[in-house]
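Structure first, commentary second.
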Amino acid sequence: MKPLKRHPDLIERSREHHHSLALCVRILRNPADNHQADIEAHLPDLLAHFSAEENQFAPLWPKLDPALRARFEADHRQLRAMAAAPQYGSETWNTGFARTLRDHARFEERELFPAVEPFL
């Protein structure tokens with residue numbers, strides 16, 4: 001796949017997605033393992049990433065498809081809830097967290113960011 005050219009205002013967000021996706025790969029490689037240290041090391045950056053995106057995109061929501069906003073907000077809400085009640089020893093929780101985070105990053109890269117770029 002050809003690398004995407006990102007608007008300069010989104011480049012750092014895309015880099016942050018790369019780090020999240022790498023975490024997801026590590027978790028999904030061995031979901032039965034306890035990934036507490038790896039996840040907890042990533043969480044402060046992830047939560048800061050969510051806040052930065054929410055602030056950055058807030059003025060743009062009226063210009064975008066409401067379904068994009070609904071998905072974005074639902075994903076952030078779900079990931080925050082999972083982070084607030086972790087079950088690091090659970091293969092099911094690890095798999096769910098990694099898949100939700102992975103799917104969210106892909107959604108932003110493939111759907112949300114292309115929709116946002118014309119307004120930046």
Side-chain angles (χ1 to χ4, degrees):
M1 183 187 306
K2 181 180 166 188
L4 296 173
K5 291 277 188 183
R6 280 284 171 240
H7 186 281
D9 291 348
L10 296 175
I11 290 173
E12 187 58 31
R13 304 284 164 256
S14 286
R15 286 187 184 127
E16 293 164 355
H17 287 160
H18 175 77
H19 295 292
S20 289
L21 291 169
L23 171 66
C24 295
V25 167
R26 291 190 302 273
I27 294 169
L28 292 171
R29 190 176 297 136
N30 295 298
D33 291 354
N34 186 314
H35 296 277
Q36 181 174 357
D38 204 7
I39 294 170
E40 286 185 351
H42 187 73
L43 276 179
D45 292 336
L46 180 63
L47 297 175
H49 170 89
F50 287 172
S51 294
E53 285 180 332
E54 290 159 1
N55 290 331
Q56 182 177 10
F57 300 147
L60 304 176
W61 291 131
K63 302 172 185 175
L64 300 171
D65 180 345
L68 294 172
R69 181 179 185 176
R71 166 80 190 269
F72 172 86
E73 290 176 348
D75 286 355
H76 280 202
R77 193 169 36 257
Q78 181 177 4
L79 287 161
R80 281 184 171 118
M82 293 183 85
Q87 300 172 29
Y88 300 118
S90 166
E91 181 174 354
T92 301
W93 185 90
N94 286 332
T95 300
F97 180 80
R99 286 183 179 163
T100 302
L101 182 57
R102 177 195 65 196
D103 293 349
H104 176 68
R106 287 178 176 171
F107 155 73
E108 287 186 350
E109 290 292 334
R110 295 174 182 170
E111 297 178 49
L112 182 61
F113 286 8
V116 164
E117 283 180 310
F119 303 105
L120 297 175

Using atom types as modelled, flag every donor-acceptor pair under 3.5 Å from a side chain in residues 84-93 to any protein atom, sequence neighbours excluded.
from  : atom 1 : to    : atom 2 : distance (Å)
Tyr88 : OH     : Glu40 : OE2    : 3.1
Ser90 : OG     : Thr92 : N      : 3.3
Ser90 : OG     : Trp93 : N      : 3.0

Exercise. Would you please name every residue forming a side chain to side chain donor-acceptor pair (under 3.5 Å) with Glu117, sequence neighbours left out?
Key: Arg6
Exercise. Can you measure from CG (Leu112) to CZ (Phe72) and round to the nearest 0.5 angstrom?
Key: 6.5 Å
Practice problem: Starting from Ile11, walk the hydrophobic network (Ile, Leu, Val, Met, Phe, Trp, Tyr; side-chain heavy atoms closer than 4.5 Å) and list everyone else you reach, by chain and number. | Solution: none
Quiz prompt | Reported CZ-to-CG distance for the pair Arg102 and Leu23, which is rounded to 0.5 angstrom | solution = 12.0 Å
Quiz item: What are the two closest non-hydrogen atoms of Cys24 and Ala98, and how far apart are they?
Solution: SG-O, 3.2 Å
Quiz item: Residues in side chain to side chain contact (heavy atoms under 4.5 Å, CB included) with Arg71, at least two apart?
Solution: Asp75, Asp103, Phe107
Quiz item: Between atom CD of Gln36 and atom CG of Asn94, what is the distance when rounded to the nearest 0.5 Å?
Solution: 10.5 Å
Practice problem: Mind jotting down which residue pairs meet the salt bridge (Lys or Arg N to Asp or Glu O under 4.0 Å) criterion with at least one end in residues 20-32? Sequence neighbours excluded, please. | Solution: Arg26-Asp38
Quiz item: So do the side chains of Ile39 and Ile27 get within less than 4.5 Å of each other, counting heavy atoms only?
Solution: yes
Practice problem: Can you measure from CG (Leu46) to CG (Leu101) and round to the nearest 0.5 angstrom? | Solution: 5.5 Å
Quiz prompt | Donor-acceptor contact below 3.5 Å, side chain His35 vs main chain Leu28 | solution = no
Exercise. Can you run down the salt bridge (Lys or Arg N to Asp or Glu O under 4.0 Å) pairs that involve residues 41-51, sequence neighbours left out, and say none if there aren't any?
Key: none
Quiz item: Partners of Ala83 by side chain to side chain contact (heavy atoms under 4.5 Å, CB included), sequence neighbours excluded?
Solution: Leu43
Quiz item: Given Glu108, which of His104, Arg110, Arg106 fulfils the side-chain hydrogen bond (donor to acceptor under 3.5 Å, both in side chains) condition?
Solution: His104
Quiz item: Which value, rounded to the nearest 0.5 Å, describes the distance between Leu47 atom CG and His42 atom NE2?
Solution: 9.0 Å
Which pairs would a plain distance check flag for residues 52-69, meaning a side-chain donor or acceptor within less than 3.5 Å of a matching protein atom at least two apart in sequence or in another chain?
from  : atom 1 : to    : atom 2 : distance (Å)
Glu53 : OE1    : His49 : NE2    : 3.4
Glu53 : OE1    : His76 : NE2    : 3.1
Glu53 : OE2    : His17 : NE2    : 3.4
Glu53 : OE2    : His49 : NE2    : 2.8
Glu54 : OE1    : Arg80 : NH2    : 3.2
Glu54 : OE2    : His76 : ND1    : 2.8
Glu54 : OE2    : Arg80 : NH1    : 2.8
Glu54 : OE2    : Arg80 : NH2    : 3.3
Asn55 : ND2    : Ser51 : O      : 3.3
Gln56 : OE1    : Arg13 : NE     : 3.1
Gln56 : NE2    : Asp9  : O      : 3.0
Asp65 : OD1    : Ala67 : N      : 2.8
Arg69 : NE     : Glu73 : OE2    : 2.8
Arg69 : NH2    : Glu73 : OE2    : 3.4

